[in-house]
Each structure stands twice: as structure tokens, then as C-alpha cells.
Amino acid sequence: MTAITVTQHVRYQTKVAHRRATSEPAWIRWTLIASALAFLTLFLFVPLAAVFTEALRKGWDTYLSALIDPDALSAIWLTLIAAAIALPLNLVFGVAAAWAIAKFEFRGKSVLITLIDLPFAVSPVVAGLIYVLIFGLQGWFGEWLIDNDMKVIFAIPGIVLATVFVTFPFVARELIPLMQAQGKDEEEAALVLGASGWQILWRVTLPNIKWGLLYGMILTNARAMGEFGAVSVVSGHIRGMTNTMPLHVEILYNEYQYAAAFAVASLLALLALVTLALKTFVEWQSAKNAAEFEKEANG
Amino acid sequence: MRYLSLVLLALPSLAFAATELLNVSYDVSREFYKELNPAFVKYWKEKTGETVSIKQSHGGSSKQARSVVDGLPADVITMNRSPDIDILYERGKLIPRDWQARLPNESAPTASTSVFLVRKGNPKKIKDWNDLVKANVSVIIPNPKTSGNGKYSYLAAWGYVLKKGGSDAEAKAFVANLFKNVPVLDTGGRGATTTFAQREIGDVLLTFENEVTLIQEELGADKFEVVYPPLSILAENPVALVDKVVDKKKTRAVAQAYLDFHYSEQGQTIAVHHHLRPQVAAVAAKHQADFHAISLFKVEELFGSWANAEKTHFADGAIFDQIYQK
């Protein structure tokens, strides 16, 4: 923002400072606020509270034993593995793709953007079925994989593949608009001053996008751990082997073990809350950064 | 750190079992196998000294069968309908065509039947199949297109009319009226249970006898009552070992022993615990008092074969599609 527009903005604010934000009568405003709050309570806070009350209904002992049950531990473990593999892969691919798209002009750029968006457009179940069609016994590589003793679907690689697929766009989608808005002036300046490609990446590009990147990773992680549809198709549901946390919750629920199901679900909910807190922190940090950036520009 | 080490401690027990069998099964057999598997593991250890571990995978039967065809490495498959095992031959050539001839009683060690679960006090006075078509009765049945459970209920209603001397046309009209009373079709047995018991929709739930007893035990005997119609269908639960998988994993001997164990006195008695009807005559005779005497007919008796029933009733555009249009 330039100095002139800021002054204009300030002047405008002084002028309207004494006017109410809206002209609607008080009861309409309060009704709207109350209905929004009621909606939030009904559809967000009550379910969230229900998860934890149901989980603790039979006491802490049941809660803890549901979490240290071998099948539950293996589900938690598998979920962490899938997220731990999906996250770095998405980080590298996402930064590379966003860098290419935002900073360079090349033929087929719009095709690349469409491809990155594909997992958003495709239903997760279809995403899972794609891998069954390719790696399944009746699929293209099925026979060959079996003959060479390699397992993809109904094993950990398939679950990781499905997770990577559905989380693919998050980092890139977060970074592309940011990098486009930042432009390439700083990189060009660095290049003119004699920096190498790696130096530009580490010292100029990455510091500029770090908050956006972190935000993208948080979203990726949340989705990776919570994914149900795609993973359900390729998992095979073998207990203690190929069940992730969301799948384990479904199994427990179907076995009438409601307290245990909600105990595992509460772990996922906790994860969501932590993610939310992290996200708020990251947003606050990046807003602060933006403000400082502006101050520097103006001063 | 403490939790991490806990997690790490749990892992080896999963990874290093000597021999491992995977039993791919249908949705509502979980509780049965939770008791049968440890019993077999103990039996096998005593007999051979070998430690075997059995992994379970449960889900809707057609989906499970499909997964095995697609490469889920099941050593044995245990289903509630023979067509869900036939598909392993038809689509994947994983088993021989005559798999049913390899074990006694056409490879069905246990069976169940379709019965009614009603709300306490039976307010709608439901006693027999013809009570289900009354105008004010709401019936919960899982979808016969996707659920073996639903197919059995459908065929049982059809068979009820035939057994009373009715014609196919009368049976069709009866079943059409029955499904007019079905407000929601869940894709599987457990989904239908949830609809009836948790969401409290419907006056009567049609499902397997073993499932009905379990609902009472898990969700409160004071809330529901079981109604045994005088006549119903015999729902046989066939088992098979998957030749292509056991030959590759070299587990044929233990997989075969596992299936044989289903027919042993111990295995049959465990089935009785879970309200599955034992099919070995000696055990069945011993436990006659544990089960309501219902006159049961086989699918083959009234419909020729399962393949035939599929084609006439459940294929796309077949009778079920004609009568259930909303």
C-alpha cells in the first residue's frame, strides 16, 4: 500500500467514524448474531463436546485401554507413518510446482495447474479405485507385482499413495497465489547481485513464503490423518495391519464399542484442535509479518 | 517419549508372528471370530507346536469378495452367501469352480436365518410374515442389491408365499407390498441395525438371528423383543480357502486345518455361543434347545440355485428393481 492510499483510507475512516456500521434496527442485528451462534453451537460445539463426553462415558480406564489396544496403536502408528511420508513429499512437490508456476512462463502451465487441482475435483473414493485398477490383481501391474512379491494396495504403500494423492494440492494451492503476489523482483535482484539458484531459493524465496508454506503443511497434515474414503478403498481393513485411525473408529463403532470408538475419535478431534490453534498462530504471525512489511515500505 | 516407546513395543508383536493367516469375512461375523480364532491358535500350537496368528478383515460381503479378487491376500474367505465366494472363481480364478464340494455340508459349517426384531411389548403385534405388509407397519431391511442379509430377507418373504401354496405372481405382489413399508434401505446389516436401534426408525428389523441376539445383548434386552416367524430361510455361511494365496504363502496346511476347525465340536460350540446354527448333525442335535424350532427352507429348494435367484431377482432391471421404485 502506498503512502497516498493510506492517508486516503485514514481520512475516509475519520469521516465515517461517527456513523453506525449498519442501519438495521437492533433486534435484526441481535437475531442474526443469535442465529449464527445457535448454528455454531448446534453444529460445531455440541458435536465436539459429544465426542469427548461419549469417549469418557465409561471413565478414564476404558478411555486409555481403548487407546493402548494393539489394534488402536497400530492404527495410530499407520496414520502417523502415512502423514510422515505424505508431508515431506507434498512439501517438495508443492514448493517446486508453485515456484515453477509463479515465477516462470512456459508452455502447458495451465495444464499443470489443472493437474494439481485434479485431486480436489475427484472424489476420494474414485482416487482409491484408481489405485485398485492400476495395482490390483486384475489391474495393469497386478500380476507382475504379485510375481515379484511386491504389495501396493491392501498394504502400507497403497495407503501412503492414496494419502499423497488426496493431499497433493494443499501446499501448491496455498503457495501459488502468495508467490504470484510477491512477484519476482527480489529473485531478479538477487540474480543480478550474483546469487546462485540455491542461494536464491534458501535466502530469498523460502523466507518470503515460510508462513504460507507452514499453513499449507498444517492443512496437508490434517487431511492426511483424517482421510477416510480413498484409504478405505485401498486398505483391505486388516486389523492391526492396514487400518488407519478413521477406519479404526468406524470398525469400533460398528462393533457397538461406542466408548472406544469415541476415544479414538477424540484423538482425531484433539489433532484438529491443535491444528486449529497452530493455524491461528500462523495466520497471526503472517499478518504481523505483512504489517511489518508494510511499515517498512511506508517508512 | 513414553507413548512412543509404547507404540514401538506394540509393533514387533504384529510383525514377527511365525505363520499368519488372513481371514476375509463379512460384516457381522466379528464376534464369532473373536472367540474362534484364539481357540484355533491354541489348538494348533498344541497339535503342531507352531504359532499361528490370524488377522481379520470385515466389511460388506460383496465389497470384501471384490477386494480379494483385486488382490487382498486372504488365505481363507468366510461369507454368508455362496455367490460371494463363487466370484473368486468367476472373476479371478483364485479357487476351483467346485470349491463347495471340498468341505462337508457344501462348505457351510454354520448357518443363520432371517428373524424379526420388534420394539418392547411388540406394539404392532407382529407375529408372521403377513403382518409385515400391513399398512401401518414400517419395516427396516438392508438393501437386497448390496447386502446378503437383505437378499435373505427378501427371499424369505418370497418363499413364505410359495410355501403357503401361492404362485410366483402372488409372491411378487406380496414382496412388493412388503418393500412399500420399507422407509430406508441401508447398504449393510450393521447399518440397518443402527437405523433401527440407534435412530429408532421402523417397527420391525429383519436381520440374521445371530445379529438380533447380539443387538439385544449390546443395546439392551429391555428395549427389544425377538419374534420368530414359523417359517424362514436357511442362511448358510460358506467358507473356502483361497488356493492361489495359500499356495503362494505356503499356508495351505494351516488354512485347511483352520477351516476344518470350524467343523470340530469346539468350533461348532463356539458358533452356538454366537447364536449361529451348527450344521454338524451331532452338535446340532445337542444344542437343539438353544435355538427356536423354525421350519427352514434352502435357497436351492425354492429358487433352484443362488445364481438363478440372483439373475431373476437382484440383477439390474430384475424383479427387485421393478418393485422398488420410489
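Between Q198(B) atom CD and Y258(A) atom OH the span is 3.5 Å, to the nearest 0.5 Å. With rounding to the nearest 0.5 angstrom, the NZ atom of K244(B) is 6.5 Å from the CG atom of L137(A). Atom CZ of R239(A) sits about 10.5 Å away from atom CG of N23(B), to the nearest 0.5 Å. Separating the NZ atom in K55(B) from the CD1 atom in I238(A) is a distance of 9.0 Å, to the nearest 0.5 Å. Between H237(A) atom NE2 and L72(B) atom CG the span is 9.0 Å, to the nearest 0.5 Å.
For chain B, no part of L145(A) is nearby; none of its heavy atoms comes within less than 4.5 Å. Heavy atoms of E218(B) lying under 4.5 Å from chain A belong exclusively to its side chain.
Annotation for K249(B): atom NZ counts as buried by contact number, over 12 foreign heavy atoms lying within 6.0 Å. By the neighbour-count criterion of 12 heavy atoms within 6.0 Å, atom CZ of R91(B) is sparsely surrounded, having that number or fewer from other residues, nucleotides or ligands. Shown here is K248(B), whose NZ atom has more than 12 heavy atoms of other residues, nucleotides or ligands within 6.0 Å. Shown here is K120(B), whose NZ atom has more than 12 heavy atoms of other residues, nucleotides or ligands within 6.0 Å. The neighbour count for D61(A) CG, taken as heavy atoms of other residues, nucleotides or ligands under 6.0 Å away, does not exceed 12.
A 4.5 Å side-chain heavy-atom check between N254(A) and R30(B) finds at least one atom pair inside the cut-off. In this structure the side chain of E255(A) reaches within 4.5 angstrom of the side chain of K34(B), judged on heavy atoms.
Side-chain atoms of S57(B) come within 3.5 Å of backbone N or O of G236(A) as a donor-acceptor pair. No donor-acceptor distance shorter than 3.5 angstrom exists from the side chain of Q138(A) to the backbone of G92(B), with no hydrogens or angles considered.
In terms of non-hydrogen atom pairs under 4.5 Å with chain A, the most contact-rich of V68(B), V24(B), V69(B) is V69(B). For the set I215(B), L94(B), L22(B), D70(B), the count of heavy-atom pairs under 4.5 angstrom toward chain A peaks at D70(B).
Minimum interatomic distance between F154(A) and P73(B) (heavy atoms only, all atoms of both residues): CB-CD, 4.5 Å.
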